[in-house]
Amino acid sequence: MVTINPTRNDTQDALLDAVRAGESSTRLQAALAIGTRRDPGHVEALVARCAVEPDFFVRDMLTWALTRFPAEVTVPRLLAELRAERSQARSQALHTLSKIGDARAWPAITPALLHDADDEVARSAWRAAVVLVPDGERARLAADLAGELGRGDRAVRLSLSRALVALADVVEPVLRAALASADPVVRAHARATERLVLDPDAAFDPDVDEAIRVVALGPAPADGPAC
C-alpha cells in the first residue's frame, strides 16, 4: 500500500520512493497514483523506472502513467531515452511513444532502431514506426521493414508481419520482391505475411522452421524407387 502524507512535497517523495519499492504491487500502485495525479515532477522518475523495471505489468502501468501527461512534457524525455545504452530503456521509450502517438517523434525512429540487434528494441521500433509514420514515408518504411523478413523466432516474425500488415496499401511490392528472394526463410516469412494482408484473421503459420531446417541440413532425402 502506498502511504500518502498530507503535504505536496511529502506526497511526491512517498510516490517517488514507492515507484522504486521492492514489492511489485507497491510499484504498480505508485505508477497508478502518479498517472492519476499527473504531477510533471514525476515524469523523470517514471521514465527512469521504465529502463529497469522487471515486471511486465508494472512497465505497462508506467507507460499508461506517462500517456496521462502532456506530450510536450513526455516526448522530449522519451526521445532522449532512444539513445540510451540499456536496451530496455530504448524499447520501453519506443513502446510509450507508440502509445502517445505524437507524430513529432517520427524523425527519431531511425534505421538503427528498426534494425537494432536487440529483438525487443526492434519490435518496439516496428510498432512505433507504423503508428507514427507520415503518409509520404509509408512506402520507404515498408521497404525498410521488409529487410527484416526472416529474422528471429515466431514472436519476432509475427511482430514484423503485423507491422507490415498495418502498411497494407504499400506493402505488396516489397512482399513480391521478398517472395523472389534466394533465402527460403525470407520467402516463407513473406508468404505468411501476404496471407495476413489478405486475411488479417488468418492463422500465422509460416513454414519458416522447415525452411531453416532445409538451409541447415539440406532437403530431406527422397523416398527410394517403388518396388
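Numbering starts at 1 and runs along the sequence shown.
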Interatomic distance, I109 atom CD1 to L141 atom CG [nearest 0.5 angstrom] | 10.0 Å
Can you name the closest pair of heavy atoms from L114 and A122 and give their distance?
-> O-CB, 4.0 Å
Between I34 and F69, is any pair of side-chain heavy atoms under 4.5 Å apart?
-> yes
Does the pair E120/R123 count as a salt bridge with the N-to-O cut at 4.0 Å?
-> yes
Is the backbone of G152 close enough, under 3.5 Å, to the side chain of R157 for a donor and an acceptor to pair up by distance?
-> yes
Does F56 sit in a hydrophobic cluster with other residues, and if so which ones, taking ILVMFWY side chains as linked at heavy-atom separations under 4.5 Å, directly or through other members?
-> F57
For the atom pair CG (L164) and CD (E148), what is the distance rounded to the nearest 0.5 Å?
-> 10.5 Å
Euclidean distance, H95 NE2 relative to L66 CG, rounded to 0.5 Å | 10.5 Å
Candidate pair T193 and S161, rule side-chain hydrogen bond (donor to acceptor under 3.5 Å, both in side chains), full reasoning = CA-CA 5 Å; T193 305; S161 292; 2.7 Å; yes
Note: W106 and L132 closest approach over all heavy atoms is CB-O, 3.8 Å
Please report the shortest heavy-atom distance between A190 and L179, naming the atom on each side.
-> CB-CD2, 3.8 Å
Where R27 and V58 come nearest, the two heavy atoms and their spacing | CB-CG1, 4.0 Å
What's the verdict on side-chain contact (heavy atoms from CB on, under 4.5 Å) for K99 and V131, showing C-alpha distance, side-chain angles and the deciding distance?
-> CA-CA 9 Å; K99 296 299 183 182; V131 169; over 6 Å; no
Going hydrophobic residue to hydrophobic residue with side-chain gaps under 4.5 angstrom, can you get from L62 over to V52?
-> no
Scan for side chain to side chain donor-acceptor pair (under 3.5 Å) pairs involving residues 61-70, sequence neighbours excluded, and state none if there are none.
-> T63-T96
For the residue pair P111 and D144, establish whether any side-chain heavy-atom pair is separated by less than 4.5 Å.
-> yes
Mind checking the CG-CZ spacing from L28 to R59? Nearest 0.5 Å is all I need.
-> 12.5 Å
Is a side-chain N or O of R77 found less than 3.5 angstrom from the main chain of V43, in a donor-acceptor match?
-> no
Between side-chain atoms of residues 165-177 and protein atoms elsewhere (two or more places apart, or another chain), which donor-acceptor pairs fall under 3.5 Å?
unit_1	atom_1	unit_2	atom_2	d
D169	OD1	R138	NH2	2.8
E172	OE2	R176	NH1	3.3

Say you draw a straight line from CG of L97 to OG1 of T74; how long is it, rounded to the nearest 0.5 Å?
-> 7.5 Å
Got L158 and R162 here, is their nearest side-chain heavy-atom distance under 4.5 Å?
-> yes
Separation between CD of E81 and CG of L79, rounded to the nearest 0.5 Å | 10.0 Å
Run the side-chain contact (heavy atoms from CB on, under 4.5 Å) check on L78 and I100 step by step: do they pass?
-> CA-CA 11 Å; L78 291 165; I100 293 171; 3.6 Å; yes
Sort and list the pairs that fulfil salt bridge (charged side-chain N to carboxylate O under 4.0 Å, His left out) and have at least one residue in residues 85-95, not counting sequence neighbours.
-> R90-D116
Would you please name every residue forming a side chain to side chain contact (heavy atoms under 4.5 Å, CB included) with R83, sequence neighbours left out?
-> A80
For L94 and A128, which heavy atoms make the closest approach, and how far apart are they?
-> O-CB, 3.7 Å
Closest contact, heavy atoms only, L46 versus A65 | CD1-CB, 3.9 Å
Apply salt bridge (Lys or Arg N to Asp or Glu O under 4.0 Å) to R191 and E194, showing your working.
-> CA-CA 5 Å; R191 280 194 299 272; E194 189 176 52; over 6 Å; no
Between the main-chain N or O of E53 and the side-chain N or O of Q88, is there a donor-acceptor pair closer than 3.5 Å?
-> yes
For D102, the salt bridge (charged side-chain N to carboxylate O under 4.0 Å, His left out) test, sequence neighbours excluded, returns R104
